[in-house]
Amino acid sequence: MSDPILSVRDLRVRFGTKRGVAEVVNGISYDLHAGETLSIVGESGSGKSVSVLALMRLLAEPPAAIAGSVLLHGRDLLKASHRDMRSVRGKDLAMIFQDPMTSLNPVRTVGYQLSESMSLHLGLTADSARRRAIELLDMVGIPSPDVRIDEYPHQLSGGMRQRVMIAMGLSCDPDVLIADEPTTALDVTTQAQITDLVAELQQRIGMAVIWITHDLGVVAGIADRVIVMYGGRFMEEAGVNDLYAAPNHPYTDGLLGSLPMPGADRPEKLVTIPGLPPDPVAMPPGCPFAPRCVHSDASRCHIEVPVFEPDRARHLVACHYPLQVTA
Amino acid sequence: MTVAPSTPMERLPEKPVSRSREIWQTLIANRLAVAGLVVLALLVLMAVLAEVIAPFGINDIDIPNRLTGPSMSHWFGTDDLGRDVLSRVIIASRVSLQVGFIAVGFALAFGVPIGLVAGYYRGKTDSILMRLMDILFSFPAILLAIAILAVLGPGIRNAMVAIGLVYTPIFARITRGSVIVVSEEVYIRAARSLGARDGRIIFRHILPNVLAPIIVQTTLSLAFAILSEAALSFLGLGVQPPNPAWGRMLAEGRNFFQQAPWMGIFPGVAILVTVMSFNFVGDGLRDALDPKQKSVIESRGQSV
Amino acid sequence: MSQFLTKRILQMLVALLGVSIVVFALIHLVPGDPVRVALGTRFDQDLYDMLRERSGLDRPFIEQYFAWLGNALTGDLGLSFRNSQPVTSLVLERLPATITLAFAALFVAIVVALPAGIISAVRSGKPLDYAVSAASQVGISMPDFWAGVMYILLFALTLRWLPSSGYVSFLESPIEWLRHLVLPAITIGLISGSVITRFVRSAVLEALNQDYVRTARAKGLSEWRIIRRHVLPNAWIPIVTVVGLQLGFLMGGLVVVEVIFAWPGLGRLALTAVKDRDFTLLQGAVLYIAFMFLTINLIVDLIYVRLDPRVRVS
Amino acid sequence: MSEPLLEVSDLQVYFPVYGKGLVPRHINDVKAVDGVTFQVGRGETLGLVGESGCGKTTTGLAVLRLIEPTGGSVVFDGVDLSTLDKRDLRLLRKRMALIFQDPYASLDPRMSIGAIVGEPLEIHRLTQTRADRDDRVGELLELVGLSPDYRNRYPHEFSGGQRQRVGIARALATEPDFIVCDEPIAALDVSIQAGIMNLLEDLQDELGLTYIFIAHDLSAVQHFSDRIAVMYLGRVVEVADRVALYETPQHPYTAALLSAVPVPNPAVQRTRQRIILEGDVPSPLNPPSGCSFHQRCPKAFEPCPHVDPALRTTKRDHDVACHLHDPALSGAAGA
C-alpha cells in the first residue's frame with residue numbers, strides 16, 4: 001500500500017475547565033490513504049469532533065492543549081507555524097461542518113465566501129474566481145448557479161447551504177476533506193442527496209474523506225473503513241463490512257443492537273447499554289467503557305487500558321475480552 | 001403500579017451542586033464584584049451610622065477656618081462656610097442611597113407588572129402598554145426628569161418620583177422581553193399541557209425564570225439612579241440647601257474651584273466609587289445568574 | 001425597503017405625537033396657574049392677560065392641545081412667558097450649537113470606542129483587554145458634570161491649554177470654535193464612548209464565536225482578514241443599534257455639560273426655562289430635543305437595514 | 001385497529017401571515033396542517049412520520065388543543081374537544097399527556113424533580129396531603145427507572161436520558177389514557193434512545209396506554225408503532241400497518257423516504273435500489289397546485305399538477321393520497 005497522506009499518532013486533547021482538566025481525546029492514532037473514506041463514529045462527548053478540530057488546529061489554545069503528532073505528507077502539522085498552518089487549511093485539508101446555516105457568514109454572498117479561499121490559495125483573480133465558483137456550484141448540483149452566486153445564505157435551503165459548504169471545501173482541490181457531521185442537521189431525503197453527492201465527487205476528484213458521524217446507518221453507506229470512538233479513545237477499527245458483520249468490541253456490538261432496523265420483523269426488545277458515558281474530568285482508570293460493559297472484570301478492565309493489538313491484521317479492537325465473532 | 005421490568009436504574013453523580021451555592025461561588029470568584037459588595041456594605045453602614053461617624057455637624061459653620069485644605073482635623077478640608085467636607089460627604093451618602101433605592105423601587109413596582117402583563121398576554125394590551133413606554137423612552141432620560149421636576153417643583157421627594165418614572169420603561173421592557181422568551185420555552189407548554197391555569201404559569205414558572213435579568217437590572221439601575229440624582233442636585237433641582245448632597249456640593253464647590261478644589265473632588269469621588277461598586281456587583285451578578293444575558297449597561301443609555 | 005421606510009417614518013410620527021401630548025400635558029400638571037407661577041414677582045396684569053390668552057389656557061384641555069399642535073406644526077410654539085419672544089426663534093437660535101456639540105461628542109465616542117472595543121475583544125483575556133475594560137468601567141461610572149468640572153480645573157485653569165467655557169461660531173474663527181468645542185465634546189464623548197466600547201467588545205466577541213468564523217479559519221484566512229471581512233461586518237449590526245441607544249444618553253448629557261461650559265445650546269436653554277418657570281420655552285426646547293433624538297434613531301434604523309442582508313433582501 | 005380512542009378528521013392549523021405594510025394586513029396563511037384525518041385505536045401506537053416542516057408536531061399539539069386548530073374536529077373518547085370550554089378542557093387534560101422532544105428545555109430549571117413530577121397531581125388535586133404526593137412522586141420515579149431519592153435534585157444534574165424519564169414520569173402522573181410522544185428520542189444519543197423506547201413500550205403494555213409517536217426517524221417509528229401515517233407538507237399522504245408500509249409502500253414519497261433511511265448494514269445499504277429525490281420541500285406558504293409532491297415525484301403524470309389527490313382506502317387498513325392508486329385514473333398512469 002502507498003504511504004498514507006495523513007498519519008495521526010497518539011493525538012491527545014485536554015481542556016482546562018472550572019471543574020478540572022477534561023481529557024477529551026486520549027491518544028488516538030490512525031492513517032488515511034489517498035482516495036479512501038474513513039468514518040469515525042461515536043456518540044456525543046466521545047471526542048470525535050474535537051479530534052479533527054485538533055488536527056486542523058482550529059481549537060483555541062488555551063483552553064485546549066494538544067499533544068502527539070499529525071503528519072500530512074510526512075510534515076508534522078502540530079509543529080507548523082501559524083502561517084504554514086494557514087496555507088495548509090483550505091488547500092490541503094478542507095473541512096465542512098454540521099450546521100450549514102451558522103457555518104456560512106450571513107452578511108456575505110455565496111460567491112464572496114466561495115471565491116475567498118481560491119484567491120488566497122490559488123491566486124485567482126476576482127473574475128476567474130467567480131467563474132470557477134459558478135462551476136463549483138454547478139458541480140455540487142445547485143440549479144442556476146449564476147444566480148445563486150449572488151445570493152445570501154438565508155436565501156438558500158438547508159440542503160443547498162450544505163452543498164455550498166461542500167463547494168467551498170473542494171474549491172482548492174484538497175487532498176483531504178474532513179466532514180464533521182455534515183448531514184446531522186438535515187432531513188433524511190436531503191441527507192441521502194448529500195451523501196451521494198460526496199461519494200460521487202470523491203470518485204471524480206479522488207480526495208480522501210474523513211467523515212465524522214454518530215449515525216451508523218450513514219457510515220454503512222459511505223465508509224471504506226470505520227473507527228468506533230468512545231471516551232476519547234478508539235474502541236475498534238475495521239473495514240466497513242467486517243465491522244458490521246462481526247463487531248469485536250462489546251460497545252460496537254451494543255450500539256448496533258440498540259438500533260431499530262427497518263423491516264417487517266422487529267426484535268422483542270432493543271439492546272440497551274446501561275449507564276452513562278464517562279465524565280471527561282474524571283476518566284475511569286482502565287477501559288473507558290468498563291463501567292458500562294457487561295463483560296468487564298475488576299482485575300483487568302477497570303485497571304488496565306486496553307490498546308489495539310496490531311497482530312489482528314485489519315480488524316483492530318481495544319478490549320481485553322473481545323467478542324469471538326468472525327465474519 | 002409496579003416497576004417496569006427492563007428499565008435500568010441510572011445513577012447520578014454523587015455530589016449535588018445546589019444552584020444558589022453555584023451562583024454564590026461564581027459571584028465571589030469575581031474579585032471586582034466582591035470589592036463592589038464590600039464597598040457597598042461599608043457605604044450602607046456609613047449611611048446608617050452617619051451621625052455617629054461624621055466628625056462634625058453638617059452645618060457647623062466656622063468662617064475663620066473656611067476653605068482650608070485637607071488636614072488632620074478636616075480630612076477632606078472645609079468649604080466656603082468652614083463646614084467639614086468629610087462630614088457632609090458622609091451625611092450625603094444617606095440621601096444618595098435613599099433616592100436610589102426608593103426611585104428604583106418605584107420603577108420596579110410599576111415596570112415589572114407592566115412587563116409581565118404585556119409579555120404574557122401579548123396582543124392589544126401589549127401594544128398599548130409598550131407604546132406608552134416608548135413615549136417615555138422618546139425623551140433623553142435626564143431631560144424628562146428635569147421637565148417633571150420643573151412642573152412638580154424641585155426637591156428630594158419629587159426627584160425620586162421623576163427618576164422612578166424615567167426608569168419604569170426600562171424595567172417594563174426588560175421584563176417583557178424575558179417573559180416573551182420564557183413563554184416560548186417548552187416547559188411552559190408542558191405546564192399548559194398538564195392543565196395549569198394562567199396564574200400558576202405566570203407565578204410558578206415565568207416569574208422565577210425572569211428574576212435573574214430583573215435583579216441584574218435593579219443593581220445596575222441603582223448605580224444610574226444615584227448618578228441621576230447627583231446630576232439633578234448639581235443642577236439645583238434635587239436636594240435643597242442647606243442639606244448636603246454629593247451633586248449639590250459639587251455645584252457649590254465650582255465657584256471656589258481654584259482656591260479649594262477639594263470641595264468638588266471628594267464628593268465626585270464618592271459618586272464615582274458608589275456607582276462603580278453597584279456596576280461591579282451588577283456585572284458580577286449577571287455573570288453568575290444569567291451568563292447568556294447581554295450587557296445591560298444599556299440602562300446608562302437611558303439615564304443621566 | 002421603501003415600505004419599511006414609510007412604516008418607520010410613520011412610527012416616528014406617532015411617537016412624536018405621543019411626545020407632544022406629554023410635553024403639552026406637562027404645563028397642565030403645574031400646581032396652580034402656570035402663567036402666574038411663571039411671572040412670579042414681576043406680575044403685570046396686561047402681560048398676564050396677554051400670555052394667558054396667547055397660550056389659550058382658558059380653553060378646555062383637548063381644544064387647547066389641538067390648537068397648540070396646529071400652531072406647533074406651522075412652527076409657532078407660542079411666546080416665552082419670561083420675555084415674550086417667540087419660542088421657536090429662541091430655540092432655533094440655540095439649535096446649531098447643540099447639534100455641533102452632539103456630533104462632536106458622538107465623533108469622540110466612536111473614535112475612542114471602535115478601536116478600543118475591537119482590540120479588547122480580539123485580545124480578550126489579555127492585559128490590554130483588562131486595561132480597556134477598567135478604563136471603560138471608570139468612564140461608565142463617571143458623573144459627567146464632575147468630569148467636566150475636572151477637565152476645566154486641569155486643562156483650562158491649571159494648564160491653561162483650552163478655554164474653560166463659551167462658544168465661538170465657526171464662521172467667526174474656526175480655530176477658536178474648535179478650542180471651545182474640545183472640552184465639552186470630550187466630557188460627553190469619553191463617557192459615551194466607554195459605554196459603546198463595552199458593546200463593541202461584546203458584539204465583536206459574539207461574532208468571533210460564531211461558526212462562520214471557524215469556517216473562515218478552516219479556509220486558511222489570516223486572523224486579521226477574518227476580523228475585517230467576516231467578524232466586523234456582522235458586529236456592525238448590534239453596534240449601530242447601541243450607538244442609536246446611546247444618543248439618548250448623549251443628548252441627556254448635553255443638558256448638564258452645556259450648563260458647565262456655558263454652551264449656548266438647547267440643553268442650557270431648557271434649564272434656564274426651568275429656573276425661570278418659563279413653561280412655554282421649556283415645552284419648545286424639550287420638543288425639539290425629543291425630535292432630534294427620534295430623527296437620529298430613525299437614521300440609525302435605516303443604517304441597520306442597509307447593513308443586514310437578512311432584512312434587506314428577503 | 002381496535003375501537004378508536006381518538007378520531008381526527010380534516011384537521012387544519014393555519015398560521016396567518018401578515019404583510020409588512022403600515023397596517024398589517026392578513027395576506028396569506030402558512031398551512032402547517034391542511035386537512036389531516038386519522039384514527040388511533042385504544043391501546044394502539046400510531047406513528048406520525050415526516051421531514052421537518054411537514055406539520056407532524058403541529059398536528060400532535062393541535063390534537064391536544066395546545067394549539068387551536070383552524071378547522072376540523074378531534075374527538076377523544078366520544079368527546080369533541082372543540083366544544084369544550086377552558087375549564088372542561090383543563091379537566092380533560094388529566095387523561096391526555098405530552099412527552100417532549102427536548103429533555104433539556106421541557107423541564108423548568110427552577111423546579112426540583114419532585115416538584116416537576118408532582119405538579120400535575122397538584123393541579124388536578126389528585127393527592128390530598130403532602131405525604132401522599134411525595135409517595136406518589138416516588139412511585140412514579142421508580143416506574144420510569146429513577147431512584148425516588150432524586151426528588152430533591154434539579155434538572156441540570158441529570159443526563160438527557162434521565163431527564164426524558166422525568167418527563168415521562170410527569171406525563172404519567174395523572175394516569176392518562178393517551179400520550180402524544182413528540183420526537184421523544186430525537187435529542188438523545190443512540191445508546192440512550194433504545195432505553196427510552198423500551199421504557200415507553202413497557203409502560204404501554206402495563207398501563208394500556210395509547211400513543212401517537214411523532215418522529216422523523218422512520219426506523220424508530222417503524223420499530224415502535226402499530227400503524228404509521230406519513231406526512232408531507234401538512235397532509236397525510238399514506239396510512240398503513242407498519243409491515244404493509246414497509247413492504248408495499250404505495251405513495252412515491254413514502255417509497256423515497258424509506259429508501260433514504262440509511263440501513264446500518266453495509267451489505268444492504270450499498271446494494272439496494274434507492275430513490276434520490278430532486279430538490280427541496282416546497283414552502284408551506286406557497287404550496288404547489290394539485291398534489292403538493294408532484295414537482296419532486298418520479299412518477300408524476302397528467303392529473304398530478306392539477307388535481308389534489310384525496311386520501312382513499314386502497315386495501316384493508318391502507319390509505320393513500322395518490323392518483324397512481326386511484327382506480328378511476330390508474331389506466332391513465334400508463335405505467
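Letters A, B, ... mirror the listed sequences (proteins, then strands); counts begin at 1.
Neither the backbone nor the side chain of A/L243 comes within contact range of chain D, judged by heavy atoms closer than 4.5 Å. Using a 4.5 Å cut-off between heavy atoms, D/D280 touches chain A through its side chain atoms alone. Heavy atoms of D/I276 lying under 4.5 Å from chain A belong exclusively to its side chain. Heavy atoms closer than 4.5 Å to chain D are found in both the backbone and the side chain of A/Q193. For D/R296, the part sitting under 4.5 Å from any heavy atom of chain A is the side chain, from C-beta outward, and nothing else. Contact of A/L216 with chain D is made through backbone and side chain together, with heavy-atom distances under 4.5 Å. Only the backbone of D/E278 comes within contact range of chain A, with heavy atoms under 4.5 Å apart.
D/F158 and D/Y150 have perpendicular rings, their planes meeting at more than 60° on a 0 to 90° scale where under 30° would count as parallel.
Heavy-atom pairs under 4.5 Å with chain A peak, among D/P266, D/A260, D/G279, at D/P266. Among D/A267, D/G53, D/A220, D/A194, the residue with the largest count of heavy-atom pairs under 4.5 Å with chain A is D/A194. Among A/D215, A/V219, A/V240, the residue with the largest count of heavy-atom pairs under 4.5 Å with chain D is A/V240. Of the listed residues (A/G257, A/P277, A/A223), the one with the most heavy-atom contacts under 4.5 Å to chain D is A/A223.
Using a 4.0 Å cut-off between a side-chain N of Lys or Arg and a carboxylate O of Asp or Glu, D/D34 and D/R235 qualify as a salt bridge. Ion pairing between a basic and an acidic side chain is recognised when a charged N comes within 4.0 Å of a carboxylate O; D/R274 and A/D196 show such pairing. Salt-bridge check for A/K48 with A/E43: failed, with every basic side-chain N at 4.0 Å or more from each acidic carboxylate O.
Using a 3.5 Å distance cut-off with no hydrogens or angles, the side chains of A/E236 and A/Y230 do not pair a donor with an acceptor. Counting only N and O atoms by type, the side chains of D/T45 and D/Q204 include a donor and acceptor under 3.5 Å apart. A donor-acceptor pair shorter than 3.5 Å cannot be found between the side chains of A/S49 and A/E181.
Contact of the A/F289 side chain with the A/P250 side chain is registered, since non-hydrogen atoms from C-beta on lie closer than 4.5 Å.
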